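In what follows, a single structure is set out as structure tokens and then discussed.
From a predicted model like this one, the values you see are computed outputs, not experimental measurements.
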Amino acid sequence: MCGFMVYTKKDIPKEKLEKEFKKIKYRGPDMSMVMEIEEKTFLFHRLAIMGLDKKGMQPFKQNGKIVVCNGELYGFRKEKETLIKDGYHFVSESDCEILIPMYEKYGLDMFQKLDAEYALVLYDSENKKIIAARDPIGIRPMFYGFSKVSGEIMFASEAKALDKLCRQIYPFPPGHYYINGKFIKYYDATEIHEKRKDDLDTIFKEINQRLTEAVIKRLDSDAPLGFLLSGGLDSSLVCSIAAKHLKKPIRTFAIGMDKDAIDLKYAKQVADYIGSIHTEVIITKEDVKKALKEVIYRLEIWDITTIRASIGMYLLCKWIKENTDIKVLLTGEVSDELFDYKYTDFTPNAAEFQEESKKRIHELYMYDVLRADRCISGVSIEARVPFADLKFVDYVMSIDPEKKLNTYGIGKYLLRKSFVNEYLPEAILYREKAAFSDAVGHSLVDDLKDFANKMYTDEEYNKRIKKYKKHTPFTKESLMYREIFESFYPQRSNLIIDFWMPNKKWERCNVNDPSARVLSNYGESGK
């Protein structure tokens, strides 16, 4: 996990670029470097994960080409062996050193071949081409903007590094590469690449095998690993698979409010079952209030549900950073988009379920995976997301959506049934889903609403929301978040497209709060 900035013109002083780039130093505190080639400036902050010595420092430069990459390239050792046979010489153990040789061998087809979570910028001086690309889910962040001085394009890992330098800033679209001023889609993770009519037994076997492989490949690290464990199905499966493969106690971490934590008891059950070295972190109302502005600054977002869910996650990751040597955390995001949320129980039919899943996967980079990246990278740790593995995503998206509907009496039935053999206690395997911000403790969201209610009278609220013609706040809580966001990033609300909400077109989903708590099927989820 690292941070980079690239500017394609020479009309902004290097010192000014460095000043803005320091805003994301937390993404890579181990070492920083600035490299200039022709009119291009490459800036890089490194968090050393693979190849821990100085030889793995970026930018990498070879044969008139230069590259920076924030990413993990899974299976890079095998590709490296092939490239060595082709005559390439490597000086480090960094996975990202293979990128220039891959570009020279495969050209732009290299992006189809990467099994990776990544964002990169490469300059080919021989052909005078700037190339940028991002993984198909958008696990690793990248933004682009156009210089206030020249209008030339700039890239950076986070928008805050570009904020003072660019007129407009946009998220780089996942699954695309940029060349010659154009964005070209090279992969759509929601497309059905192979039509399947598998029976349930085959589906269970495939889900088990592909998720297991996705977790195992993400255990390859030269730096210490840890695991976020909520006690929900998704993170519990990741931890269980890892513990089985590593055959030694893994380190797991859970968080909860001091008075009504829901998740902690379930996380403890999982930890005891898999034999992990487990830590509980307890937070208070004051911790939540104190963290709010810092969380919104890190997130670069004003969305209600993302901010709520980020507070507990950020405080947990901050504790891990301050009290352990862990530099990589595995987490359970992306499962909901593939299988179901609580609100998708109300899906009218299979076709609409599939379309909703496609929509959520296309938007992941603005919400859940953004949350995971900023909460984890915001404290100088790397995030890895097994459920976002492309082979896993491809398969689940290809399953007949009729089989993914909740006609079984419990959500995520296919995922649960795929791991019935000694992976988790039955109470966890068949536990009803609870949204993370709720499961940290219902008081977390209640306290946030209380802060907002005390901040604005009804009259003040009605007056202030009129300032925001686009993405207009619709509760005092959402106004509080928007005003904090604007204090850091004025006129940048376009960084996401809308509030994350259930599909209001569906029966029983036309609600005014994103929490699953307001849905009629929440039931046992909050217990």
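- A salt bridge between Glu294 and Arg298 is present, with a side-chain N of the basic residue lying under 4.0 Å from a carboxylate O of the acidic one.
- Taking the charged nitrogens against the carboxylate oxygens, Lys22 and Glu18 have no contact shorter than 4.0 Å, which rules out a salt bridge.
- Note: Phe183 CZ to His176 NE2 = 8.5 Å, rounded to the nearest 0.5 Å.
- Aromatic rings of Phe21 and Phe44 (six-membered ring for Trp) have centroids beyond the 6.0 Å cut-off, not under it.
- Salt bridge annotation for Asp303-Arg308: absent, with no cationic side-chain nitrogen under 4.0 angstrom from a carboxylate oxygen.
- Note on Arg360 versus Asp336: no salt bridge recorded, every NZ/NE/NH1/NH2 to OD/OE distance being 4.0 Å or above.
- For Glu280, the side chain to side chain contact (heavy atoms under 4.5 Å, CB included) partners are Leu264, Lys268, His278, not counting sequence neighbours.
- The structure places CG of Leu424 at 10.5 Å from CZ of Arg416, a figure rounded to the nearest 0.5 Å.
- When the options Leu228, Val385, Val379 are evaluated for a side-chain contact (heavy atoms from CB on, under 4.5 Å) with Leu329, the one that passes is Leu228.
- For the pair Lys404 and Phe339, the cation-pi criterion (under 6.0 Å, within 45° of the ring axis) is not fulfilled.
- The minimum heavy-atom distance linking Ala372 with Glu333 is given by the pair CB-OE1, 3.9 Å.
- No close placement of the Tyr461 and Tyr456 rings is indicated, their centers lying 6.0 Å or farther apart.
- In this structure, a donor-acceptor pair under 3.5 Å is present between the side chains of Tyr187 and Asp394.
- For the pair Lys160 and Tyr297, the distance from NZ or CZ to the six-membered ring centre is under 6.0 Å and the angle to the ring normal is within 45 degrees.
- Ion pairing of Glu355 with Lys359 is absent here, as no side-chain N (NZ or NE/NH1/NH2) approaches a carboxylate O to less than 4.0 Å.
- Applying the ring-ring contact (aromatic ring centres under 6.0 Å, His included) criterion to Phe387, with sequence neighbours excluded, gives Phe392.
- Relative orientation of the Trp302 and Phe485 rings is perpendicular, given thresholds of 30° and 60° on the angle between their planes.
- For Lys463 and Glu460, the salt-bridge test fails: no basic side-chain N is under 4.0 Å from an acidic carboxylate O.
- Note on Asp163 versus Lys23: no salt bridge recorded, every NZ/NE/NH1/NH2 to OD/OE distance being 4.0 Å or above.
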Let me check something: any side-chain donor-acceptor pairs from residues 496-509 under 3.5 Å, sequence neighbours excluded? List them with distances.
from: Asn503; atom 1: OD1; to: Lys505; atom 2: N; distance (Å): 3.0
from: Asn503; atom 1: ND2; to: Glu356; atom 2: OE1; distance (Å): 2.9
from: Lys504; atom 1: NZ; to: Val511; atom 2: O; distance (Å): 3.3
from: Trp506; atom 1: NE1; to: Glu352; atom 2: OE1; distance (Å): 2.7

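- Between Lys164 and Glu20, no side-chain nitrogen of the basic residue sits less than 4.0 Å from a carboxylate oxygen of the acidic one, so the salt-bridge criterion is not met.
- Remark: of the listed residues Arg464, Lys293, Lys476, Arg464 is the sole one forming a salt bridge (Lys or Arg N to Asp or Glu O under 4.0 Å) with Glu483.
- For the atom pair OG1 (Thr475) and CG (Asp513), the distance works out to 7.5 Å, reported to the nearest 0.5 Å.
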